[in-house]
Amino acid sequence: MQTTTCRVKGIHCASCAITIEKTLKKTAGVEKIEVNFATENAKITYDPSQTSIPALSQSIEPLGYTLHDSPSAIEMNMSEDEHKAHLGLNLTKEEKLKEQSVLYKQLLFTSPFVLLSIAMMIIDLLVRFNFMKELSPVIDSAIHHLLPIIATYMLFVVGKPYLLGLLRFFRHGKANMDTLIGLGTTSAFLYSLAISAFEESLEPFVDTANSYYDVTIVVIAFITLGKYLESRAKLKTGDAIEKLINLQAKTALVLKDGVEISVPIEKVEHDDVIIIKPGTRIPVDGIVIDGFSFVDESMITGEPIPVEKRMNDSVTAGTINTSGTFTFKATKVGSETLLAQIIKMVDSAQGSRAPIQAVADKISGVFVPIVLVIAFLSLFLWMVIGVPNLGFSMALSYGITSFVSVLIIACPCALGLATPTAIIVGIGKGAKNGILIKDAETLEKLHHVDTVIVDKTGTITKGKPEFIELQNFSNRSNDELIAILATLESKSEHPIAHAILTYAEQKKISLLALTAFNNIEGKGVTAEINGEKFTAGNTTLMSERKFTIDLDLLNKETSKGHTPIFLADEKTILGFVTVADTIKPESVQAIRDLQKLGISVVMLTGDNQKTAESIAREVGITSIHAEVLPQDKLRIIEELQTKNHIVAMAGDGINDAPALAKADIGIAMGNGSDIAIDTAGITLLNGDLSKLVKAISLSTLTIRGIRQNLFWAFIYNVVGIPLAAGLFFPIFGWLLNPIFAGFAMAFSSVSVVGNSLRLKQKKL
Ligand code: ADP
Ligand code: MG
């Protein structure tokens, strides 16, 4: 099986997407297909031994669609990595711009004729109601001879996509929104043509003064205008990713054999030494080896204050150096950089489908055939009911009006745009604020969350504990105990281990030789030094080994929020050290804000109960589970879920990965450049818990936007169709002019995209 994302050409609406999906799903070798109308991409999982993208493309070509593998790096004149980062985006954009300019030229060229048709309609009305005298017969007849010519041009040149849609319908029986518009405008045109051609012989039967050339002209003009505005707005919804791509520097200043040379970005290799001058952009990810500066990381983390960088600090591609100069060693290049990963993630998230869209998809899938039926039915009923009451000529004229209006107003185009455009803007806005959201589903689910579980270490606290003190119960020297402890911890990755090792280093205590090291997950470590067996770890581990603990002394330490680590030999506890972690400054406010949203915040930690209580008190959390093992974290989440809570779990993403995966929404707290952004549904790039509050409000705003969009898209159809069909005619005498139908149809899409764009301006 192979999964490819390719571009789809010829896609105009949500029902196109569904048609393609339905057709290809039936093809042998295709396992899964997801077509996204907003991004015009298809994600296909298929068996390459049975089919290929060109073969699949051929099978939908008769329907008016083609599939295109993203153009290769060579075609785009790019390096492989640059190409990966771009994901074919620029080309699509160029094409879109070209398409826009074609639409623009058509609009410009036809506008005098369209305005003339509109003027004629207004004059007709004014004359009919005696506001104005009739035009001189010469002018009137000249204009009325001009209208068929303009209508022909509009239908066959500007309206060609709709005509093709109609042709496809006759040939393959597959209808989409182009079919509806095509059928509507063509019917109006043919009816008028018949009148012009057989005016005399039709005179006794139909109202020959009433032709519909203006309908064909104005409806196509409005829809083209709507399409143009929509395509401009759609490009704007996707500009977040373009901004991210533009963060990528083109060259890097590399130090080679003592000389500075400017190297194209794709030629930068691991371990290259790169010089960063004041005001320049950091080209790849790496670690500072010399110099000092502040770096503006706001474009990645959303954090406005420049971050201090000195030796051993990590720097991220795309961020901007302020006034200092420094050199760093490249550790991640090309597609490995955080920036490249962010771009990839945002791109795939924007193309993903939100569950809320399923309703809209279902409706637009059955919409087109239903509308066709309604249109024919209303024509039929106008004739059946209308002829005896209004006479043949009036009934036919009204029937045609209804038929055309229903077809035009019912286009499900706005419905198809409602969800994806809001998702694209929402995901993009998140990325701009340092909130990376994996897919639309996560964004949608987030606002349902009622319980947030936070890991203590690294989430509420900085996750960088520091050594506080040593309590020695043994007859060995303090330095000896530290040497043993540091030796045991030297093989551990735990932040506590880091604290102890740093202390030993400061005290210039050298490590001993160790064997038989064993890590006891969530409890501690054991190892042998000089044949003697030692254990270091928490109270649980000590109780398991049946060692007695001086509880009074212990409680005195833990109530301060310090974490104890005991050291024992085979017989007894030798002593303990305490380490303390600092609470992140933004944690208190963030937790308060979450609670204000009605979300219950639960703290989970493997740390000591008393220590946990002390920290919880400081940040205002009342519900805690301390001394839990990694598997307990999973169980606690499951228990909450069986009580129907929607649970989000915020952790460091490295050792909490299983719990993050189990939660309804996993939130990884990013710290520095070692962020594994694909482990969780949401990554908060600078590890700031207050971003979670923002993410929730982003989710709420996006979903609200989608609901508004769906409401407006539906309202157009729910009110528009009966009105257009003439349902209110017998009661109020209302009948929708096809021209207003065209106007409403065009602006429903534009207003939906406009409403989605409004999300950009909203404060999180
Ligand atoms: P959390 O991530 O919630 O702080 P962990 O499961 O990583 O919890 O660790 C739980 C507890 O186990 C720590 O608070 C500590 O007491 C003990 N522990 C874990 N690893 C070590 C280690 N390498 N050395 C000493 N104690 C450890
Ligand atoms: Mg942890």
Side-chain angles (χ1 to χ4, degrees), residues 453-468 470 481-482 484-504 511 514 517-527 534-545 547 549 554 557-558 560-568 573-584 587 602-616 619 621 624-637 649-660 667-669 671 687:
I453 298 182
V454 279
D455 186 41
K456 178 180 74 72
T457 322
T459 303
I460 296 177
T461 64
K462 288 191 172 149
K464 292 200 175 90
E466 276 171 27
F467 185 94
I468 302 290
L470 165 74
L481 282 200
I482 295 294
I484 297 171
L485 187 60
T487 304
L488 287 177
E489 297 290 8
S490 63
K491 286 265 185 299
S492 166
E493 305 270 316
H494 205 276
I496 289 176
H498 189 75
I500 292 167
L501 282 165
T502 311
Y503 177 74
L511 302 183
L514 112 175
F517 173 84
N518 191 12
N519 182 42
I520 308 166
E521 185 83 48
K523 289 178 190 166
V525 292
T526 63
F534 291 101
T535 307
N538 58 11
T539 45
T540 321
L541 190 60
M542 294 302 126
S543 321
E544 279 172 14
R545 307 265 142 124
F547 294 137
I549 297 166
L554 178 70
E557 290 299 325
T558 52
K560 287 186 238 163
H562 297 170
T563 303
I565 296 102
F566 294 90
L567 176 65
I573 293 181
L574 304 172
F576 68 83
V577 299
T578 51
V579 299
D581 202 354
T582 24
I583 292 174
K584 289 185 196 172
S587 291
V602 180
M603 184 168 103
L604 273 193
T605 179
D607 207 342
N608 188 282
Q609 176 78 28
K610 283 261 160 24
T611 314
E613 279 170 13
S614 157
I615 304 264
V619 296
I621 295 180
I624 58 170
H625 296 270
E627 296 175 31
V628 292
L629 296 174
Q631 58 267 34
D632 296 334
K633 293 187 181 179
L634 281 187
R635 189 181 43 74
I636 292 166
I637 293 172
M649 157 99 200
D652 52 24
I654 301 156
N655 63 21
D656 290 324
L660 294 191
I667 300 158
M669 309 293 283
N671 288 311

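Note that ligands are numbered from 1 as they come in the structure, with each ligand's atoms numbered from 1 the same way. For the single chain, residues carry numbers from 1 onward in sequence order.
Residues Tyr503 and Leu485 form no side-chain contact, since every pair of their non-hydrogen atoms from C-beta on lies 4.5 Å or further apart. Using a 4.5 Å cut-off on side-chain heavy atoms (C-beta onward), Asn519 and Lys491 make no contact. Side-chain atoms of Asn608 and Glu557, non-hydrogen and from C-beta on, never get closer than 4.5 Å to each other.
Here the closest non-hydrogen pair linking Ala659 and Leu634 is CA-CD2, 3.6 Å. The nearest pair of heavy atoms linking His562 to Thr611 is O-OG1, 2.8 Å. Between Val525 and Ser492, the shortest heavy-atom contact is CG1-CB, 4.2 Å.
Taking only nitrogen or oxygen atoms, main chain and side chain alike, Gly522 reaches within less than 3.5 Å of ligand 1. For ligand 1, the polar-atom distance check against Gly606 finds a nitrogen or oxygen pair separated by under 3.5 Å.
The residue His625 has no part lying near ligand 1, judged by heavy-atom distances below 4.0 Å. For Thr457, every heavy-atom contact with ligand 1 shorter than 4.0 Å involves the side chain, none the backbone. Both the backbone and the side chain of Thr605 come within 4.0 Å of ligand 1, counting heavy atoms alone. Counting heavy atoms under 4.0 Å from ligand 1, residue Asp455 touches it through the side chain alone.
Not a single heavy atom of Lys456 lies less than 4.0 angstrom from ligand 1. For Lys633, the closest heavy-atom approach to ligand 1 falls below 4.0 Å.
Listed by number with element, the atoms of ligand 1 under 4.0 angstrom from any heavy atom of His494 are 5 (P), 7 (O), 9 (O), 19 (C), 20 (N), 23 (N). Every atom of ligand 1 is numbered from 1 in the order shown, and the set under 4.0 Å from a heavy atom of Val525 is 23 (N). Below 4.0 Å from some heavy atom of Ser492 lie the following atoms of ligand 1, by number and element: 23 (N). Those atoms of ligand 1 that come under 4.0 Å of a heavy atom in Asp607, given as number and element, are 14 (O). Every atom of ligand 1 is numbered from 1 in the order shown, and the set under 4.0 Å from a heavy atom of Ile565 is 25 (C).
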message: For Thr563 and Thr457: C-alpha separation, side-chain torsions, deciding distance, then whether side chain to side chain contact (heavy atoms under 4.5 Å, CB included) applies.
response: CA-CA 11 Å; Thr563 303; Thr457 322; over 6 Å; no
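Counting heavy atoms only, Glu489 comes closest to atom 24 (N) of ligand 1 of the residues Glu493, Glu489, Met603.
In Glu466, the CD atom is not crowded: 12 or fewer heavy atoms of neighbouring residues, nucleotides or ligands sit closer than 6.0 Å.
Of the residues listed (Asp455, Val619, Asp581, Thr605), the one engaging Ile460 in a side chain to side chain contact (heavy atoms under 4.5 Å, CB included) is Val619, and it is the only one.
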